[in-house]
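Each remark here refers to the structure printed beneath this line.
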Amino acid sequence: MVQFTDVFKEYENGVKALKGVSFNVRDGEFVFLVGPSGSGKSTIIKLITGEIAPTDGQVIVNDFDLNRMRLSRLPYLRRSLGIIFQDYRLIENKTVYDNVAYAMQVVGASNKEIRRRVAYVLQLVGLDSRTRRYPRELAGGEQQRVAIARALVNNPRMIIADEPTGNLDPAKSLELMMLLEKINEMGTTMLIVTHEKELVNRFAKRVIAIDGGRVISDGMDGYYNYEA
Amino acid sequence: MKRNRMGYFLREGIHSIFSHGFMSFASVFVIVACLLIMGCFVLLTLNVNSVISELESENQMVAFVDERYSESDAQALRGRVQNVPNVESVVFVSQTEAMANFVQQYGDSPLLNELEPSILRHRYVIYLKDIARMAETASAVKDIEGIADVHYHVEIAKGFAAVRSVVTVVSIALVLVLFVISLFIMSNTIRLTTVARREEIAVMRMVGATNSFIRQPFLVEGLILGILGALIAFVLQWGIYSFVVSRISTDGVISFIEPIPFSAVAIPILLIFLVVSVLVGVFGSLSAIKNYLKV
Ligand SMILES: Nc1ncnc2c1ncn2[C@@H]1O[C@H](COP(=O)(O)OP(=O)(O)OP(=O)(O)O)[C@@H](O)[C@H]1O
Ligand SMILES: [Mg+2]
């Protein structure tokens with residue numbers, strides 16, 4: 001669950017990235033966040049993950065009030081989120097299995113739990129035959145599926161993805177989006193930043209469009225109605 | 001803490017040491033070098049202090065008894081001399097013994113043979129606890145009734161005290177400087193391994209690892225490197241010191257110096273090395289990781 005109320009963000013260098021953004025994402029929703037380059041999409045993502053703080057306005061994520069939250073609570077907010085990036089951010093010297101297991105180790109899960117859950121999510125993303133490979137031995141789409149497995153493994157309430165298909169060809173992008181849709185149908189909220197018009201239009205989900213730091217449209221029609 | 005976690009920290013720490021082999025080697029090398037220099041200065045200070053104490057203990061004052069006192073009256077003063085503060089021990093030397101010493105020292109020329117013992121006085125040779133307070137002690141002794149005069153060499157005492165304090169201050173300063181240097185270098189070395197692992201740290205933060213959790217492997221790494229450095233430095237220090245000691249005792253000119261045997265200082269040196277390197281390891285890794293823990 002995400003709740004932005006009249007959020008402003010001004011960076012240290014004076015750039016006003018958000019100028020009064022309000023929207024809600026309820027639990028279980030599937031939402032695309034679209035907008036031209038520099039419109040403020042990544043800024044919204046960083047506010048949700050607690051990487052940056054709002055200059056003004058209220059941000060609530062999974063019942064964490066980011067305006068009032070102590071910094072020491074941040075890890076617990078992050079455990080309720082699965083975060084995915086365009087560049088996968090896998091650890092190069094760990095195998096597929098260890099990359100995913102690592103996310104459970106660092107939150108203190110038991111070995112038994114880790115074995116069970118990692119096997120399950122790797123199977124879910126269709127990588128059960130690649131567990132012993134290293135990231136560099138995988139295709140881009142496969143690497144991104146490792147990242148999805150890692151985001152999922154701690155059973156987050158919500159997945160936040162900043163241009164997850166940015167480095168993939170259209171066929172792979174579609175495959176990946178279908179995987180995210182399947183995960184959403186299993187109950188995980190999805191907030192996905194993307195540039196890909198065809199993809200957005202094809203899925204017919206809720207679309208929030210940002211331009212110049214403001215929400216310019218928010219509708220269930222799934223129509224991506226601006227020119228990048 | 002769960003055993004599972006302990007195992008994880010150890011595994012990660014050791015893994016990091018091996019996967020950044022050169023950096024780990026470099027930081028152990030720096031710690032060893034700093035500890036060795038520290039150790040050499042600590043040992044030098046201890047030895048200078050021991051040599052000076054040796055020399056000081058031979059430094060004495062002579063208190064002459066009033067010439068009108070008979071030998072037994074003079075002997076009776078012993079208790080009062082002994083009771084003066086800062087007096088370690090006293091030796092009574094009678095007129096006759098003084099004469100005998102005198103003759104022995106200057107040979108028995110016919111001239112001396114005619115000398116009557118009575119021209120020398122009974123005396124006390126006084127050894128002090130702390131020769132820095134020599135003048136004060138001398139005047140206290142002189143105040144005793146029956147003591148006519150006290151002879152002493154205050155310059156020598158002052159010289160010893162000066163050498164001792166200079167060596168001590170220089171050594172402490174050096175040890176502190178080296179401590180800061182090794183802390184700085186250790187911190188930078190671990191910082192390099194954290195740079196190599198920054199993606200990993202970013203991933204840890206992203207999936208919700210707490211700061212203390214992220215810190216652990218680096219602490220373990222710093223600790224292991226520090227302890228390894230301390231042990232290597234200890235063995236090397238032992239070798240170097242034994243070598244120097246063997247050279248001193250075979251060198252004709254300075255063989256009068258009796259160095260402290262290594263066995264007498266081995267445990268303190270090992271403890272100092274361990275404490276210093278553990279502090280360097282812990283604070284080095286904490287300061288190295290600090291920048292990564294902000295958000
Ligand atoms: N750390 C930062 N410091 C200063 N300005 C920043 C910072 N990050 C982003 N900005 C600025 O804020 C504005 C919004 O950036 P943001 O990254 O949110 O855009 P975006 O919508 O994600 O763009 P893109 O589609 O290219 O990723 C831009 O003008 C950008 O230059
Ligand atoms: Mg962006």
Side-chain angles (χ1 to χ4, degrees), chain A residues 45-53 62 64 66 69-85 87-94 98-115 135 146-147 149-157 159-160 162, chain B residues 1-25 190-222 224 285-295:
Chain A
I45 297 297
K46 287 183 204 156
L47 284 167
I48 293 173
T49 61
E51 222 175 299
I52 55 176
N62 290 342
F64 291 85
L66 276 91
M69 191 177 72
R70 298 193 12 229
L71 216 52
S72 59
R73 297 289 303 156
L74 197 54
Y76 304 95
L77 163 68
R78 299 239 170 106
R79 287 176 200 188
S80 74
L81 298 172
I83 309 170
I84 299 168
F85 298 95
D87 55 1
Y88 325 131
R89 306 206 185 165
L90 302 176
I91 298 167
E92 289 301 323
N93 59 10
K94 289 191 194 297
D98 288 336
N99 261 285
V100 179
Y102 192 57
M104 288 187 81
Q105 279 171 343
V106 305
V107 298
S110 75
N111 285 336
K112 197 173 147 211
E113 255 177 293
I114 291 175
R115 270 193 301 274
V146 178
R150 180 180 62 193
L152 267 181
V153 78
N154 284 323
N155 209 2
R157 280 171 67 179
I159 283 189
I160 306 284
D162 194 350
Chain B
M1 186 178 302
K2 289 185 208 159
R3 247 183 60 228
N4 183 23
R5 282 197 164 197
M6 277 304 286
Y8 165 81
F9 294 142
L10 268 176
R11 228 173 23 250
E12 287 294 315
I14 292 170
H15 177 77
S16 170
I17 288 173
F18 284 107
S19 56
H20 308 106
F22 176 74
M23 287 325 302
S24 309
F25 170 79
I190 294 196
R191 183 165 298 137
L192 287 175
T193 82
T194 63
V195 168
R197 295 184 65 186
R198 67 183 180 281
E199 293 159 22
E200 220 169 306
I201 297 171
V203 168
M204 284 195 199
R205 287 210 330 245
M206 189 177 80
V207 298
T210 57
N211 283 350
S212 63
F213 188 94
I214 295 173
R215 237 181 254 132
Q216 298 306 327
F218 295 96
L219 274 179
V220 169
E221 183 179 352
I224 292 178
S285 47
L286 285 187
S287 93
I289 185 84
K290 202 179 58 208
N291 289 343
Y292 290 97
L293 299 179
K294 282 185 185 138
V295 275

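Values reported hereafter were calculated over all heavy atoms of this structure, with side chains retained and with hydrogens, waters and symmetry mates removed. Order of the sequence lines sets the chain letters (A, B, ...), proteins ahead of strands, with each chain counted from 1.
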Check against side chain to side chain contact (heavy atoms under 4.5 Å, CB included), Tyr102(A) and Glu200(B): CA-CA 10 Å; Tyr102(A) 192 57; Glu200(B) 220 169 306; 3.5 Å; yes

Chain B contacts, top residue of Pro75(A), Ala53(A), Ser80(A) (heavy-atom pairs, under 4.5 Å): Pro75(A)

Interchain contact, Ile91(A) with chain B, by part (heavy-atom threshold 4.5 Å): side chain

Which atoms of Leu77(A) approach chain B - backbone, side chain, both or neither, heavy atom under 4.5 Å: neither

Note, Leu286(B) side chain near Phe218(B) side chain (heavy atom, < 4.5 Å): no

Heavy-atom closest pair, residues Arg79(A) and Val107(A): NE-CG1, 3.4 Å

Distance (rounded to the nearest 0.5 Å) between Asn93(A) CG and Asn99(A) CG: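 Atom-to-atom, Asn93(A):CG and Asn99(A):CG are 8.5 Å apart.
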
